[in-house]
Amino acid sequence: MATVAEHEDTLHDQPLYWRSAEGGEPPVLYLHGVPTSSGDWVAFLERTGGLAPDLPGFGRTGKRGDREYTMAGYDRFVEDFLDHLEVDRVRMVVHDWGVVGLLWAQRHPERVERLVLINAVPLLPGYRWHLFARLWRMRAVGEVTMGLSSRWVARRVLPPSIAEEAWSHFDQGTQRAILRLYRSSPEDALARAGLDLGGIDCPALVVWGDRDPYIDATFADAYASALGGEVDVLHLNDAGHWPWHDRPDAIDRVATFLQA
């Protein structure tokens with residue numbers, strides 16, 4: 001089991017935090033979603049090694065108000081982060097809004113050796129935002145909803161093993177990043193963002209917790225159809241949005257695929 005190291009740096013004059021562990025080449029790039037951080041990936045890093053940044057606005061990476069918390073902004077962050085660490089090729093694992101990594105992958109498919117999608121926001125036609133997202137996208141209502149957030153709510157909507165860490169970083173900067181990201185991402189923009197998924201032709205694995213209350217399990221198979229390479233789909237009918245917390249064996253399945 002690899003030792004996970006923590007790093008504090010700067011990128012474009014902003015704090016940059018990431019976790020890493022020794023592993024094979026090319027490194028695995030892990031991208032987390034909302035509202036968590038690279039803490040999601042510790043058990044994976046211990047198995048496979050790799051790199052896991054806190055995305056801008058989350059965890060301990062910078063949350064300054066003049067940053068661009070949009071799909072395009074996060075796409076640029078992925079490229080800048082890899083350039084900063086002088087990483088050329090990756091194996092990529094994305095969860096939830098970590099799917100912004102697919103924007104970068106569509107621009108650079110030759111730099112992705114293997115790909116894992118876990119309950120990822122659909123860059124596909126036909127998706128409709130869940131209730132929380134619809135509230136966040138509404139002016140004033142979103143701010144009120146964020147203001148009503150509490151540790152008790154975090155414990156209800158997040159797996160217990162990550163709720164405390166996520167809540168400890170759920171400050172005004174993170175709330176602002178979430179609101180801007182969702183407000184800049186209507187459903188038609190999601191579909192447009194995935195128009196070139198077929199150009200990603202590396203081997204891929206889609207892992208889906210079918211009890212996800214936010215994204216229907218049909219999008220697992222829709223992703224498999226949209227990607228250009230050979231794709232395996234693993235449906236976990238007893239797991240939710242963070243499926244590896246309900247089914248820890250999912251970590252083994254992901255690690256085996258990445259190391260094939």
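In this structure, CG on L31 lies 11.0 Å from CD1 on I118, to the nearest 0.5 angstrom. Atom-to-atom distance recorded for D80:CG and L85:CG is 11.0 Å, nearest 0.5 angstrom. Taken to the nearest 0.5 Å, the CG atom of L179 stands 11.0 Å off from the CD atom of Q172. The distance from atom CD of Q106 to atom CG of L227, rounded to the nearest 0.5 Å, is 9.0 Å. In this structure, the separation between OG on S150 and CZ on F170 is 10.0 Å, given to the nearest 0.5 Å. The line from OG1 of T174 to NE2 of H169 is 8.5 Å long, rounded to the nearest 0.5 Å.
By the 4.0 Å N-to-carboxylate-O rule, R47 lies close enough to D252 to be salt-bridged with it. Under the 4.0 Å criterion applied to side-chain N and carboxylate O atoms, D196 and R107 are not assigned as salt-bridge partners. Ion pairing of E68 with R180 is absent here, as no side-chain N (NZ or NE/NH1/NH2) approaches a carboxylate O to less than 4.0 Å. A salt bridge does not link R114 to E230: none of the charged nitrogens lies less than 4.0 Å from a carboxylate oxygen. Note on D238 versus R211: no salt bridge recorded, every NZ/NE/NH1/NH2 to OD/OE distance being 4.0 Å or above. Under a 4.0 Å N-O distance rule, the pair R60/E6 qualifies as a salt bridge.
A166 and P35 make their closest contact through CB-O, 4.2 Å (heavy atoms, listed as atom of the first residue, atom of the second, distance). Closest heavy-atom contact between P109 and I200: CB-CA, 4.3 Å. Nearest heavy atoms, L45 versus A52: CD1-CB, 4.0 Å. Contact between E79 and H108 at its shortest, heavy atoms only, is OE2-NE2, 3.4 Å. When all heavy atoms are compared, the tightest approach of D54 to G59 is OD2-CA, 3.3 Å. Considering every non-hydrogen atom in both S184 and R137, the closest pair reads N-NH1, 4.5 Å.
Between L82 and R111 there is a side-chain heavy-atom pair separated by less than 4.5 Å. Within the 4.5 Å cutoff, side-chain heavy atoms of V34 are placed close to those of L181. You'll find the side chain of H245 reaches within 4.5 Å of the side chain of S161, heavy atoms only. The side-chain heavy atoms of L55 and H32, taken from C-beta on, include a pair separated by under 4.5 Å. Here the side chains of L197 and L195 are not in contact, with every heavy-atom distance at 4.5 Å or above. Two residues are said to be in side-chain contact when any heavy atoms from C-beta on lie closer than 4.5 Å; P26 and R91 meet this criterion. Looking at P243 and N119, their side chains come closer than 4.5 Å, going by heavy atoms from C-beta outward. Using a 4.5 Å heavy-atom threshold, the side chains of V78 and P53 count as separate.
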Worked verdict on R64 versus Q14 for side chain to side chain contact (heavy atoms under 4.5 Å, CB included): CA-CA 8 Å; R64 203 166 66 191; Q14 282 288 287; 3.0 Å; yes
Evaluate the side-chain hydrogen bond (donor to acceptor under 3.5 Å, both in side chains) criterion for residues D210 and N237: first the C-alpha distance (whole Å), next the side-chain angles of each, then the deciding distance (0.1 Å), finally the verdict. CA-CA 5 Å; D210 287 353; N237 59 16; over 6 Å; no
Before you tell me yes or no, could you show the steps for L190 and M71 under side chain to side chain contact (heavy atoms under 4.5 Å, CB included), namely the whole-Å CA-CA distance, both residues' side-chain angles and the distance that decides it to 0.1 Å? CA-CA 9 Å; L190 296 178; M71 286 191 284; 4.0 Å; yes
Let's go through E8 and R19 carefully: what are the C-alpha distance in whole Å and the side-chain angles of both, what is the deciding distance for salt bridge (Lys or Arg N to Asp or Glu O under 4.0 Å) to 0.1 Å, and is it a yes or a no? CA-CA 9 Å; E8 295 183 1; R19 290 174 163 95; over 6 Å; no
Check the pair D188, R192 against salt bridge (Lys or Arg N to Asp or Glu O under 4.0 Å), reporting the backbone distance first and the verdict last. CA-CA 6 Å; D188 59 341; R192 289 195 303 271; 3.3 Å; yes
Chi angles and distances behind the side chain to side chain contact (heavy atoms under 4.5 Å, CB included) call for F257, T48: CA-CA 10 Å; F257 171 79; T48 68; over 6 Å; no
CA sep, side-chain torsions, deciding dist, call: V94, V116, side chain to side chain contact (heavy atoms under 4.5 Å, CB included): CA-CA 6 Å; V94 306; V116 179; over 6 Å; no
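Under a 3.5 Å cut-off, the side chain of S225 and the backbone N or O of D221 do form a donor-acceptor pair. Listed for the E187 side chain is no donor-acceptor partner under 3.5 Å among the backbone atoms of R128. A donor-acceptor pair under 3.5 Å is absent between the side-chain atoms of Y223 and the main chain of T218, judged by distance alone. The backbone N or O of R253 sits nowhere less than 3.5 Å from a side-chain atom of T256 that would complete a donor-acceptor pair. Listed for the T10 side chain is no donor-acceptor partner under 3.5 Å among the backbone atoms of D13. With hydrogens and angles ignored, the 3.5 Å screen pairs no side-chain donor or acceptor of R247 with any backbone N or O of A239. The closest donor-acceptor contact from the side chain of S20 to the backbone of G50 lies at 3.5 Å or more, if one exists at all.
Annotation: cation-pi pair R176/Y69 absent, no NZ/CZ under 6.0 Å from the ring centroid and within 45° of its normal.
Ring-plane geometry between F132 and W136 is classed as parallel, the angle between the planes falling under 30 degrees on a 0 to 90 degree scale with a further cut at 60.
Listed by first and then second residue, the ring pair (Phe, Tyr, Trp, His ring centres under 6.0 Å) pairs that reach into residues 77-101 are W18-F81, F77-F81, H95-H241, H95-W242, H95-W244, W97-W129, W97-Y182, sequence neighbours excluded.
In terms of the salt bridge (Lys or Arg N to Asp or Glu O under 4.0 Å) criterion, E110 has no residue partners (sequence neighbours excluded).
Counting heavy-atom neighbours within 6.0 Å of E164 CD, excluding the residue itself, gives a total above 12.
For the pairing with V99, the side-chain contact (heavy atoms from CB on, under 4.5 Å) check across D96, L102, L103 returns one residue only, L102.
As a member of the Ile/Leu/Val/Met/Phe/Trp/Tyr network built from side-chain separations under 4.5 Å, Y17 groups with nothing else and remains a singleton.
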